[in-house]
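Step one of this worksheet: look at the structure below.
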Amino acid sequence: MDKLGRILLTGASGGLGTLLRKEIAKHCNTLRLTNRHDMGVAAENEEIVLCDLADADAVMELTRDVDMVIHMGGVGRESTFEAILQSNYVGFYNLYEGCRKNGVKRVIWGSSNHAIGFYPRTQRIDASVTPRPDSNYGVSKVYGEGMAQYYWDKFGLESVSIRIGSCFPKPVDRRMLTTWLSYPDFVHLTECCLAAPRVEHTIVYGVSDNDSQLWDNHMAAHLGYRPKDNAEIYREEIEASTKPYDRDDLTIAVHGGGFAAAGHFED
Ligand code: 15L
């Protein structure tokens, strides 16, 4: 892929941000890293900017002279409404406004399978389905996808919303035999999102080439994503170390698993 001038990576000290920091730097002249917390020492082509995305003025500066954004920041699980509000709504809005006003070309960001978590496991879905979020966190991802579509339709700012499954070094429970996204596949998918000539607003499921599949990526074929890993190689190990789910347990009845099964966070 052609080298970009400057990429901004948010959430740079989180799990996925730390992974991308190592892998994405070679695709740009300058990698600007941001988070609220310490991100260590800047490497040769890195810039480090401490920033709270809820601070609109700071985000306006943060997004200046940036070609593309990889947004892995924000609250990454169910939480209080206040925490989600500041990060996934206010912070997300500030980011898109900064990108629009500073002429950023594309935002690639971590949406989540929890935007569609209440679909039953008996149904394989593609990106055209109506969202069915399974948590306040999932609702915030639906908002993000709405923003991404709106900023493409109204302002021509491109986005890829990656509905990430379970991105971990290896699957750790039975549900993840279906939802697992390996680190190498996640890096490859992010590179596809950076390199694709035109994405408009694309929704893609971030999932490896698992034998057991709930998500169909035919609507994101233009990204050229070809996952290589398959959770099936862990089946024996997972089945030996975990109990089978009860048929009626929401953890296994719907795509979102435990997020759907949990009660309201603040009750
Ligand atoms: C997510 O959205 C979370 O960020 C991650 O920690 C996992 O829980 C994942 O979903 C999942 O569904 O396994």
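Scope of the values below: all heavy atoms of this structure, side chains included, with no hydrogens, waters or symmetry mates. Just so you know, ligand 1 is whichever comes first in the structure, and atom 1 is the first atom listed for that ligand. Being a predicted model, the structure only gives us computed values, none of them experimental.
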Roughly how far apart are Leu4 CG and Asn29 CG, rounded to 0.5 Å? 8.5 Å
Would you please say whether a donor-acceptor pair under 3.5 Å links the side chains of Ser111 and Arg163? no
Near ligand 1 (heavy atom, under 4.0 angstrom), the protein residues are Gly76, Ser112, Asn113, His114, Tyr137, Gly165, Ser166, Phe168, Arg175, Phe259
Salt bridge or not for Arg21 and Glu46, using N-O below 4.0 Å? yes
Do you see a donor-acceptor pair shorter than 3.5 Å between the side chains of Arg121 and Thr178? yes
Flag the pair Lys101 and Glu97 as a salt bridge only when some basic side-chain nitrogen lies within less than 4.0 angstrom of an acidic carboxylate oxygen. yes
Look at Arg235 together with Glu237 and state whether they make a salt bridge at an N to O cut-off of under 4.0 Å. no
